[in-house]
There are 2 protein chains.
Amino acid sequence: MKRKITLKQIAKELDVSISTVSKALRNSVEISEDTKQKVQAFAKLYNYRPNNIALSLKNRKTNTIGIIIPEIVHHFFSKVISGVETVANNRGYNVIVGLSNESFSKEVINMEMLANGSIDGFILSISKETLQQQDYHHFNETMSQGMPIVMFDRVIADIKCDKVIVDDYKGSKNAVEKLITNGCKSIALITTKDYVSVGKLRTQGYLEALHEHKMTPKAELILKIDDTLDYEVHLDALELEIEQLFKSNKKIDGVFAVNELYALSAMKVARKLGLDIPNDIQVIGFTDGVLSKHATPSLTTVSQHAQQMGETAANLLIDKLENEFDDEKEEEFQTVVIATELIERESTK
Amino acid sequence: MKRKITLKQIAKELDVSISTVSKALRNSVEISEDTKQKVQAFAKLYNYRPNNIALSLKNRKTNTIGIIIPEIVHHFFSKVISGVETVANNRGYNVIVGLSNESFSKEVINMEMLANGSIDGFILSISKETLQQQDYHHFNETMSQGMPIVMFDRVIADIKCDKVIVDDYKGSKNAVEKLITNGCKSIALITTKDYVSVGKLRTQGYLEALHEHKMTPKAELILKIDDTLDYEVHLDALELEIEQLFKSNKKIDGVFAVNELYALSAMKVARKLGLDIPNDIQVIGFTDGVLSKHATPSLTTVSQHAQQMGETAANLLIDKLENEFDDEKEEEFQTVVIATELIERESTK
DNA sequence: AGACCTAACGCAAACGTTTTCGTGTTAAAA
DNA sequence: TTTTAACACGAAAACGTTTGCGTTAGGTCT
């Protein structure tokens, strides 16, 4: 078990100084051709690679970016990571992941762990608990220490940093308009409580679409799910709520759901009630998930282009990291909006 | 934009030496109560945290583990990461992810990037391309440098390292036996080409189950898919193959598929051919996926307990990292087998 | 021959820690 | 009063790099 070889060991073996070895390997003109050859050959033989940690310490730059997400077992988030990773690797960075599990304290702890030198900047999506408590001190503290943050999807307007979001409002509006165009007269909305910003925006899009088409929104058609429960395990509870919605509003002929699971549950309930999709009732969901594609009938959804979001976020962050020229010239932050796309499948006409 | 405060700065402000500050913060008996109080108060005020990189360099230990997986947008792998992350965090480690994208060269590059000091050890699942080429030099080189590796799921017998696997053989055998018990007389197998070890083992389980029940396996009932194609995009090709299988073997009343997608496609094709599930034909898949649960009908599957695999792998690795006492006493490697579990849903009787 | 240049290399500092080993001061013991 | 020991602290090395600058040797010029 031979440890990795260091400059010092090479220097000793070749009977030169450490600096000579270093310079020789970097092809410095200060070093004679002879010595360079000798050193480089030796280094190659022993497969020398500079120690990253030492470099990080010296350069005060780790070439690593941290990504903090609420959960990883989720198609959207893992796709974002994939995007981040691709760009990061291409630009010479590593990616270190932290999971908040939708918990405020885990988010804080994770950020503190990474902020102590391990990484150069953050890419993150805020946990639900943090959004509820509206305690954002850890973001501000991190940034005040000169560590840039790029937020994606779940963001907060008050915080000054780069952001990558999807146009939830427009995406939803388009989806609902599609339902209207397709002849739906009574469109239900299945959404989350308002503290999740994306849920709120998608609700607004729904309302606006109705409004523009002179349809009056009805409160009884809007189902706000309390998503603090984990509906992956309490599926039946969710379905029960939806069933009641359907039963007390028999004229419903269209459903817009703010995520995949709600939409799938709606389809399941509809089928159970003997409704045909898409003839009796049409359904559209919001997400990039794998369920939509493989459901029966397959689900029409609003795609968020998660991969692209990750790529964009990574590029924004690395750009900022590598443009240190901006000393004192009033830092600028951008918000990139990723266009949504309506992917039509079998759940709509 | 104030940089993070260092020991040196504290020392300067308080007019003591760096060592005094360090000792005071670590509550050394060498330092007077007075000084400790002063230093600790100051450190707290300025929110001092030791620089991780400096610590890593000094201790030659990064407290970070690297995980390399073929792809992250995959329920199984993201669940494994989740398990790794949980254990790692609890035991004071960070997790840095590398994606091989099933490519040999990306696997090698990623490992080289991380092996230069960034991490203390690897957790990985081998890429398909590597399995095909059977080139494992990067694993051996990494380990010969004293960096431990824990492999999971896709492993190779020849390589001496800790492993966490699922009993693919027994899991498959159980699944097929379930079909037999449920009355299936003609059971088809949808699997991958043999170079993916798990595909091979699952095929063997299928054969053994038939054998034990005096059923003779028929070659025409075994469909080996060439999974170098990405069937997430070429779904129709996959379905076509399955359709031909069904059409040329009309007596098929049971299907065992080695993964979720194959199983779902089989169900889809069956439905298309007017077969009722589970009455005309029963289907079992192999995986932990989210599709199985939400499909209609929901799919009976062999669960791999991915989360548990991740947790086990992380514990194995960290145990090894923290037991350096084993100098020269013939390192021992263990292979932990995670029990599979048959989760019965609607696709079987 | 003296002054000067240049090639080729080494020294040392720096990054931020921790820790071993001094060292100076003071109070207690002789 | 002198010796000793406890106490409180600082200097320096070490982890592995990179780099500015100093140094040496030899050669060139006048």
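Lettering follows sequence order; numbering is per chain, from 1.
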Nucleic acid footprint by protein, nucleotides 17-28 of chain D - heavy-atom cut-off 4.0 Å, B for base, S for sugar-phosphate alone: BBBBB-------
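A salt bridge is absent between Lys320(A) and Asp120(A): the closest approach of a Lys/Arg side-chain nitrogen to an acidic carboxylate oxygen does not fall below 4.0 angstrom. Salt bridge Lys128(B)/Glu71(B): absent, no basic N to carboxylate O contact under 4.0 Å.
For the pair Ser32(B) and dC9(D), the criterion of a side-chain N or O lying under 4.0 Å from OP1 or OP2 is met.
Ring geometry, Phe76(A) versus His74(A): the interplanar angle exceeds 60°, so the pair is classed perpendicular (tilted spans 30 to 60°). Ring-plane geometry between Phe104(A) and His138(A) is classed as perpendicular, the angle between the planes exceeding 60 degrees on a 0 to 90 degree scale with a lower cut at 30.
To the nearest angstrom, C1' of dC9(D) lies 14 Å from CG of Asp34(B).
Tested against Tyr93(B), the residues Thr62(B), Ile119(B), Leu321(B) include a single side-chain contact (heavy atoms from CB on, under 4.5 Å) partner, Leu321(B).
Mapping heavy-atom proximity under 4.0 Å, the span of DNA chain C touched by chain A runs 5' to 3' from dA8(C) to dG16(C).
Scanning both residues, Ser127(A) and Glu107(A), for their nearest heavy atoms gives N-OE1, 2.9 Å.
When heavy atoms are screened at a 4.0 angstrom cut-off, Val29(A) is found touching no nucleic acid atom at all. Here Thr35(A) lies in heavy-atom contact (under 4.0 Å) with sugar-phosphate atoms only.
In terms of position on DNA chain D, the residue among Arg60(B) and Glu33(B) whose nearest nucleotide sits closer to the 5' end is Glu33(B).
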Salt bridge (Lys or Arg N to Asp or Glu O under 4.0 Å) between Lys61(B) and Glu322(B), worked out: CA-CA 10 Å; Lys61(B) 176 130 181 29; Glu322(B) 296 184 347; 5.1 Å; no
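Crowding of Tyr46(B) atom OH: a count of heavy atoms from other residues, nucleotides or ligands under 6.0 Å not exceeding 12.
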